[in-house]
There are 2 protein chains.
Amino acid sequence: MEENHHQDKVCTSKDLLAVRDALDALSGKWKLEILISLLNGARRFKEIARDIDGISDRMLSKELKELEANQLVERKMYDAFPPVVEYNTTAHTRSLHTVIYALKEWGYLHRKTILEN
Amino acid sequence: MEENHHQDKVCTSKDLLAVRDALDALSGKWKLEILISLLNGARRFKEIARDIDGISDRMLSKELKELEANQLVERKMYDAFPPVVEYNTTAHTRSLHTVIYALKEWGYLHRKTILEN
DNA sequence: CTGGATCCTCAGGGATACTG
DNA sequence: CAGTATCCCTGAGGATCCAG
């Protein structure tokens with residue numbers, strides 16, 4: 001980033017805000033599951049709903065909207081009856097791989113650490 | 001990890017649980033701020049409280065306890081009056097660096113992505 | 001099928017006061 | 001200083017019904 005202010009802090013307050021932004025985009029009980037479902041292929045509303053155990057239509061709709069607002073899913077509507085809507089990932093979703101990988105690895109490590117003591 | 005089951009999924013359901021474990025350990029409004037404060041050096045209760053704008057004693061106490069349960073902070077009590085308690089990071093906290101770095105980088109990228117459209 | 005509208009519950013977190 | 005105890009409020013998320 002452009003300015004550093006010569007601090008050797010682990011994480012500046014600006015950095016903290018960025019971390020929060022990232023976490024906020026993934027916040028909510030179902031977002032990750034939805035993204036992972038879509039990372040395995042484009043899906044329609046009901047297909048995602050069937051894919052994710054326990055999610056209600058209301059929540060799926062809400063989370064999809066937030067993900068779309070954050071450009072993490074793309075919504076394609078086909079003019080037909082009954083309605084056909086297809087959800088898919090975006091380039092931005094793919095950029096999440098590093099984050100998901102880091103969280104996953106640390107999650108496994110964390111569980112191991114906790115169980116060992 | 002030991003078994004793969006020959007799937008080429010981006011993220012298995014076991015992986016998702018690990019991601020959730022990671023996120024859970026960092027959940028709560030103040031945990032990251034507390035960790036970052038401590039990553040810049042050991043601190044006493046009141047020092048952390050002063051470091052973090054807006055946090056109440058109650059929340060600081062609660063979050064510190066959860067972090068300690070997750071071995072992300074270490075609590076040292078010195079027998080003295082008035083009481084002296086010092087909080088510090090642990091080896092496990094340091095292992096979080098990859099995660100925080102990934103989240104930070106993606107957070108900046110995310111903001112850039114959103115603002116561009 | 002793809003959702004929107006409504007109502008309800010509960011846990012996260014704020015404010016304040018108190019104790020060893 | 002280092003926390004606890006209490007009370008309260010808001011918003012995330014569940015359940016159910018309705019509409020195009």
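As a basis for the values below, the full set of heavy atoms in this structure was taken, side chains included, without hydrogen atoms, waters or symmetry mates. This structure is a prediction, so every number in the text was calculated from the model and none was measured. Within every chain, numbering begins at 1; the chains are lettered A, B, ... in the order of the sequence lines, protein sequences first and strands thereafter.
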S.K.: Are A:Tyr108 and B:Asp15 close enough that a side-chain donor and a side-chain acceptor fall under 3.5 Å?
M.R.: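 Looking only at side-chain atoms, B:Asp15 and A:Tyr108 do form a donor-acceptor pair, the distance falling under 3.5 Å.
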S.K.: Starting from P on C:dG3, measure out to CD on A:Glu47 and report it in whole angstrom.
M.R.: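 It is 13 Å, rounded to the nearest whole Å.
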S.K.: Whether A:Arg43 and A:Glu86 form a salt bridge (side-chain N of Lys/Arg under 4.0 Å from carboxylate O of Asp/Glu) is what I want to check.
M.R.: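 Between A:Arg43 and A:Glu86 there is no salt bridge, as every charged N stays at least 4.0 Å from the carboxylate O atoms.
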S.K.: Check the angle between the aromatic planes of B:His92 and A:His110 and answer parallel, tilted or perpendicular using the 30° and 60° thresholds.
M.R.: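 Parallel, since the angle between the ring planes stays under 30°.
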S.K.: Heavy atoms only, 4.0 Å cut-off, all strands: where does B:Tyr87 land among base, sugar-phosphate and nothing?
M.R.: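 Since only primed, P, OP1 and OP2 atoms lie under 4.0 Å of B:Tyr87, the category is sugar-phosphate.
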S.K.: Please check the phosphate of C:dG14 (OP1 and OP2 only) for any side-chain N or O of B:Lys29 closer than 4.0 Å.
M.R.: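 So the side chain of B:Lys29 is within the cut-off, an N or O lying under 4.0 Å from OP1 or OP2 of C:dG14.
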S.K.: Under 4.0 Å, counting only non-hydrogen atoms across every strand here, what does B:Arg58 touch: a base, just sugar-phosphate, or nothing?
M.R.: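 Base, at least one base heavy atom under 4.0 Å.
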S.K.: Rounded to whole angstroms, how far apart are CE on A:Met59 and P on C:dT2?
M.R.: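 Distance check: A:Met59 CE to C:dT2 P gives 18 Å.
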S.K.: Counting just side-chain N and O atoms, does A:Lys65 come under 4.0 Å of either OP1 or OP2 of C:dG4?
M.R.: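 Checking C:dG4 against A:Lys65, a side-chain N or O does come within under 4.0 Å of OP1 or OP2.
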S.K.: Could you state the NZ-C1' distance from B:Lys62 to C:dA15, rounded to the nearest angstrom?
M.R.: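 Value for this atom pair: 14 Å.
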S.K.: Rounded to the nearest 0.5 Å, how far apart are CG of B:Leu32 and CD of B:Glu63?
M.R.: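 Here the rounded value is 10.0 Å.
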S.K.: Which nucleotide in the set D:dG3, D:dC1, D:dG14 lies at the smallest distance from any side-chain heavy atom of B:Ser61?
M.R.: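 So the side chain of B:Ser61 is nearest to D:dG3.
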S.K.: B:Arg75 side chain N/O closer than 4.0 Å to the phosphate oxygens (OP1, OP2) of D:dG3?
M.R.: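 For B:Arg75, the contact criterion (side-chain N or O under 4.0 Å from OP1 or OP2 of D:dG3) is met.
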S.K.: What is the distance from CD of A:Glu86 to P of C:dC1, rounded to the nearest Å?
M.R.: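 It works out to 15 Å between those atoms.
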S.K.: Rounded to whole angstroms, how far apart are CG on A:Leu60 and P on D:dA15?
M.R.: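 Whole-Å distance recorded here is 15 Å.
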S.K.: Hey, is CG on A:Asn117 packed in by over 12 heavy atoms from elsewhere, all under 6.0 Å?
M.R.: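 Check passes, neighbour count above 12.
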S.K.: Check the distance between D:dA12's C1' and A:Lys31's NZ and give it to me in whole angstrom.
M.R.: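 Those two atoms, NZ and C1', are 10 Å apart.
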S.K.: I need the CD-P distance between B:Glu63 and D:dG3, as an integer number of Å.
M.R.: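 My rounded result for the distance is 14 Å.
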S.K.: Roughly, in whole Å, what's the span from CZ in A:Phe45 to P in D:dG20?
M.R.: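 Answer to the nearest Å: 18 Å.
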S.K.: Side chain of A:Pro82 only, heavy atoms from C-beta on: which candidate in C:dC1, D:dC1, C:dT2 is closest?
M.R.: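 Taking heavy atoms from C-beta onward, the closest nucleotide is C:dC1.
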